[in-house]
Amino acid sequence: MALDSKTTQDVMQFKVVGTRPLRPDGIDKVTGRARFGADISAPGMLTGLVLRSPHAHARIKSIDTSAAEAMEGVHAVVTRRDFPERDLDEGTADVLDNCMAGDKVLYDGHALAAVAASSTHIARKALKAIKVDYEPLDHVTDVDAAIQPGAPVLHQGRANESVPEGASPNIMARYEFGHGDIEAGLAQADRVLERSYKTEATHQGYIEPHACLAQMGPDGQADLWCCTQGHYMVRNTCAEILGLAQGQLRVTASEIGGGFGGKTTVFLEPVALMLAKKTQRPVKMVMSRSEVLRATGPTASSSVDMRIGMTKEGIITGAFAELRYQGGAYPGSPVDMGAMSAFAPYDLEHVKTIGWDIVTNRPKAAAYRAPGAPMAAFAVESAIDELAKGFGLDPLEVRLRNAAREGTRASYGPTYPAIGLEATLRRAKDHPHWSAPLGPNQGRGVACGFWFNFGGDTCVSLNVTPDGTVTVSEGNPDIGGSRASMSMMAAEELGIPYEKVRTIVADTGSLGQNEVTDGSRVTFAVGLATIKAARAAKAEMCKRVAQVWGIDEDAVEWKDGAAHPAGPNAGTHPPMTLAEIAAIASNTGGPIAGHCEANPEGAGVSFATHMVDTEVDPDTGAVKILRYTVFQDAGKAVHPAYVEGQFQGGATQGIGWALNEAYIYGEDGLLQNAGFLDYRIPVASDLPMIDAVILEIPNPGHPYGVRGVGETSIVPPLAAVANAVSEAAGVRMASLPMSPPKVLKAIRDS
Amino acid sequence: MSKIHVTTKINGDPVEYLCEPDETLLDVLRDQLGLTGSKEGCGTGDCGACTVTLDGRLVCSCLVLGAEAEGAEVGTIEGMAEAEALHPLQQKFIEHAALQCGICTPGILVAAKSLLERNPDPTEEETRYWLAGNLCRCTGYDKIIRAVMDAAADMRKAS
Amino acid sequence: MVQVTIWGSLSDFTEGAREVEVDAANLRELLDGLAQRYPGLKPQLERGVSVSIDGRIYNDSWFQPIQPDSEVVLLARLKGG
Amino acid sequence: MRYLAPTTLEDAVQMLAEDPGECRVLAGGTDLLVRMRAGMTEPDSILDIKRIDALREITAEDGGWRIGAAVSGAVMNEHEGLCADWPGVVEAANLIGSTQIQGRCTLAGNLCNASPAADSVPAMVAAGAVARIAGPNGTRDVPVEDVPLAPGKTCLEQGEFVASIFLPRRGPRGGDAYLRFTPRTEMDIAVVGCAVSLTLDADGICTAARVSLGAVAPTVILVPQAAATLEGTRLDEPALNALARTCSEAASPIADKRGTVEFRTHVAGVLARRAAKIAHERAGG
């Protein structure tokens, strides 16, 4: 889609955008009426449950389902054999294998069979009656151990062409980015810091477990209700796996109880459809929390080696990072994103990153908010901090001296247009937080972060009702208030009150293809399409009015919610409001609507700076977050309250990642903390208020200047917290999570 | 396994149901009574999404058997608003944008209401500790805490 | 001709060059031209790439015009959460 | 499965004795229901003791307090007399889980779960609490520290259950405290726990003390040698240092997902020192 060549953001006086109206789904959500994935049922419904591997790695010699199938109340059992042999692309084949294992189970919790039964009780018993003959295989769960000679091999011959001959068979891909001459750059430094950094796998931790309800008729028509970040993706993926026509599978997205990237793929849906096909009954499947943690997408764990050189004036002369990410049992860790984004905030003449995509016996990594970037930023921002402090330099000042600006060649290649990093740094320096005093055992950390953002296929249909209200149908599940933002942008464009617009998320039968709610794309791309749909509706209304007034179309202009005569030949006519035009729509050509089907490209990149104060208990290693401030460029904040919410939520997930969240595997390769008790996401009493400072450096690629805001906020906190803890503890923390035993050990060893 | 007959009161309404001996109150509410406002986030009492009151006490309904509700009074999110009038906490949650995805919201509202009934003027710290059993992954809690404190202030003024 | 910057690990398939030239007036011609001239790039192009044209990132739009003096950079296909 | 809800202690004892299969006692259910859901236990019957009035009460007895096995943490927290006498025990009970869990969890349940990390157990042990066990052969009183035998195992015989916990007379110039270490501020299992209960004489000298540790051994342990470091002192620095050292020495923890041996050993001493200071202050020292 062609981008708007002229942007209106500089001249536009917003009436609705930038205010904080009540969200349309608010009442449903505070009264319990909103229907999430597990909240729907159907007459005659069966319960589906999944049998999961108790081994980290094993060959499936046989699966005997006969006893389970013979049980009263059991209507179907499915295994991989039930799925049609189809020529799937590599990525989809992996998704299928992850939903239902083939000849091997690759991690603790890997699905290998499923049952549909008349009750949960019976389904549970049936799972126990399935006899699986496993041949246990050696396993490996650590990213560095996986590439040692002799490590257990998950897949032979899956490495792509980028991997050098002789490399570990667990390496799936290699990426290299950067420019200049690293050694020459490092040679100019007054100090070269070499350090390794590690982060553990964390889970998106959405509170709503995966859930769906499927039904399918003998004619191949199927309906699926599920919680997902993208029901069009669910439709397409399930149709491909099951050999259905996409048009025959209607997917309706429920309200979604959090996703953060973890619901950008399928886990239960193809299985539920297969059970529904076999039983010809509606089948509902809901995961338990332990299934969510064992078998759905954590992000990668990482191991990063860094070499970075700085002059005593704080200029970075050269920067090199080698990143190893394990993405679980299949190729596709986000190491490419990590390697591209690592040094993106800085203007560097000599920079290089190498990324290795590695497989281990862990669940298939799914996207998690700015996938790949937080771990890379942890290493880079920790190293810069250590160098700056070593020279006695102000860490914010050092970042300003090296900050990427308009015209800087990014470490991943392109030259930046107008970007907001410097603005966030300057605002951080001027903020009272930066100059507030610190007490004993306290430390302050700062870090920067970057994320790309993108657009993608988008459809919006905007309809004017006979009474002059407006409905907007869009195809992206609303994770954090996007329906409010769409209504606001439609109202802004049409010049009508926000309350006159209602936005809904339509099912896959109602609109064309929509990309998943990911990549911080919704407010940008769906917003753009909403504005264009509104503009189309306005043009249509002007056309109708021109007819009524008997003048040329271009003699009618739209302002303040009404058509006005404009130009020398328009004559004098009292303005016609949207409601008046809507009322006579049948007489002027039929219903009025505007729509937009597009693939908006040109999403603007986004930067943030985070600042955090921590206190470390030197006797126990416990870390307390005392104060936290986020400075981030939003381009234009459509609904500032929900922009702040994204900043605060991302920061908090990052705090959890930094301090206490981690996948813990035993020697047996089994996950030891598959529950919210020991997978410790931050609770209310762990945190202070999170101050959110919104900066607005307009994105030239969007009519209102909007940039995605959802992901960047999780990039800086790992390093910001680590820098603060390192200062408070007096020892550099280079391994996450900074759990109390680890911090205490570092203090006592130092 | 034979079912147990339970007579109870939910949100003030007399209710009877039959449940399995090991069926949780949460499952009864959701699957039998259609009260799906209480959510299951973990099933182990670690997330608070299923929070209800049982004879005025805050509990995780995933850790209560349906049979235990015999003769008791159960309060769920569905009973929080009175007809068209939202409870001040519900109103403040919408005004403060204290929810993003909204899955934790019912449990947090039931818990916050219980807090304000016992302590009309809680400090930020008291509020944070009272709500520590209600996980929210979207908001970082900031706007939730502000909404509860603001509702408390309004309710104090009104009373 | 358009000058295209490719990422480091792709230079194994461009005789070591990080900057390659392709005759292209839009994104589709660019991708086709790269695949034709450097068949070793085909697997990666098929898996997907993103392309930065004058600082804006494009994933799919075949007919996005490219000027001879445009700055064109090949990127790993962007992912998001 | 059967759900049994007796209304008298006698009925409860009889039902438990006569149950043909595995019968589990349900008090607050905050452990039992989690275990059932995870498939770790599949009882044939559940015996709910919450309908027995006597077990739902806190009653004064011999200057101390008898706490029924069905009394929840929230109820304890609202009992002024109990809070005044045994603030450490009440605080410990209030550290079990969230506000929601508080509405259900009980001292007796926490004890019978027999976890070395149970929060209320070190506090009860330090307080010198005694469990009253009911069974087919009548009742018997057992010091709380003797109830857990190993992780998940208690001294309860077939057909027996804990009916109440007795906290003795506090007496003047006494104080207790419980501290635990957890990575999060709430919603967590103790990585290490320590309780201290002590009594001072009129001159502020410690005349009697009990110190117990949680999560550093297969069961909660009473550490008499740690108590000895306090007795006869004013809890000055040397005494507190000795206490910390002794507690660290008494710890023989395992390394697991929640903490290392080194960490638990060290922090046992740190918490002991901190808990002792709080108990001392509460005793008026």
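Order of the sequence lines sets the chain letters (A, B, ...), proteins ahead of strands, with each chain counted from 1. Quick note: numbers below take in every heavy atom, side chains included, and nothing from hydrogens, waters or symmetry partners.
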What one should report as the nearest heavy-atom pair of F36(A) and G102(B) is CZ-C, 3.7 Å
Most heavy-atom pairs under 4.5 angstrom with chain B, which of P21(A), G26(A), G650(A), A211(A)? G26(A)
So do the side chains of T139(B) and Q648(A) get within less than 4.5 Å of each other, counting heavy atoms only? no
I'd like to know which of G32(A), G675(A), S41(A) tops the heavy-atom pair count under 4.5 Å against chain B. G32(A)
Within this structure, what is the CG-CZ distance for the pair D46(B) and R680(A), rounded to the nearest 0.5 Å? 11.0 Å
Validation row: C138(B), F260(A) side chains within 4.5 angstrom (heavy atoms): yes
CZ on R20(A) to NE2 on H96(B), rounded to 0.5 Å: 10.5 Å
Highest number of heavy-atom pairs under 4.5 Å with chain B among I256(A), L22(A), V292(A) belongs to L22(A)
What part of L86(B) gets within 4.5 angstrom of chain A, counting heavy atoms only: side chain, backbone, both, or neither? side chain
Salt bridge between E255(A) and K39(B), side-chain N to carboxylate O under 4.0 Å? no
I'd like to know whether D22(B) forms a side-chain contact (heavy atoms from CB on, under 4.5 Å) with H121(A), so could you lay out the CA-CA distance, the side-chain angles of the two residues, the decisive distance to 0.1 Å, and finally the verdict. CA-CA 10 Å; D22(B) 62 348; H121(A) 269 286; 3.1 Å; yes
How far apart are the closest heavy atoms of G41(B) and F676(A), and which atoms are they? O-CE1, 4.1 Å
Rounded to the nearest 0.5 Å, what separates atom CG in L677(A) from atom SG in C42(B)? 9.5 Å
Exactly one candidate in E78(B), H87(B), Q90(B) meets side-chain contact (heavy atoms from CB on, under 4.5 Å) with T31(A); the answer is Q90(B)
Which heavy atom of I103(B) sits nearest a heavy atom of G257(A), and at what distance? CB-CA, 3.7 Å
Spatial distance of atom NZ (K143(B)) from atom CE (M689(A)) [nearest 0.5 Å]: 10.0 Å
Flag the one option from Q646(A), M287(A), Q204(A) with the top tally of heavy-atom pairs under 4.5 Å to chain B. Q204(A)
Do the non-hydrogen side-chain atoms of R137(B) and P682(A) ever get within less than 4.5 Å of each other? yes
Heavy-atom pairs under 4.5 Å with chain A - which of L135(B), L35(B), L131(B), T105(B) has more of them than the others? L135(B)
Note: vs chain B, highest number of non-hydrogen pairs under 4.5 angstrom among S482(A), P209(A), G481(A) is P209(A)
Closer than 4.0 angstrom, basic N to acidic O: yes or no for R30(B) and D39(A)? yes
Can you tell which part of E40(B) gets under 4.5 Å to a heavy atom of chain A, answering side chain, backbone, both or neither? backbone
Look at the side chain of R128(B) and the backbone N and O of L687(A), then say whether any donor-acceptor pair between them is shorter than 3.5 Å. yes
Sort P688(A) into side chain, backbone, both or neither according to what part of it lies under 4.5 angstrom from a heavy atom of chain B. backbone
Side chain, backbone, both or neither of L99(B) within contact of chain A (heavy atoms, under 4.5 Å): both
So, the part of Q91(B) with a heavy atom under 4.5 Å from chain A: the answer is side chain
What part of S685(A) is in contact with chain B, defined as an atom under 4.5 angstrom from a non-hydrogen atom: side chain, backbone, both or neither? both
Taking the side chain as every heavy atom from C-beta outward, state whether R289(A) and T44(B) have any atom pair closer than 4.5 Å. no
What part of I27(A) is in contact with chain B, defined as an atom under 4.5 angstrom from a non-hydrogen atom: side chain, backbone, both or neither? both
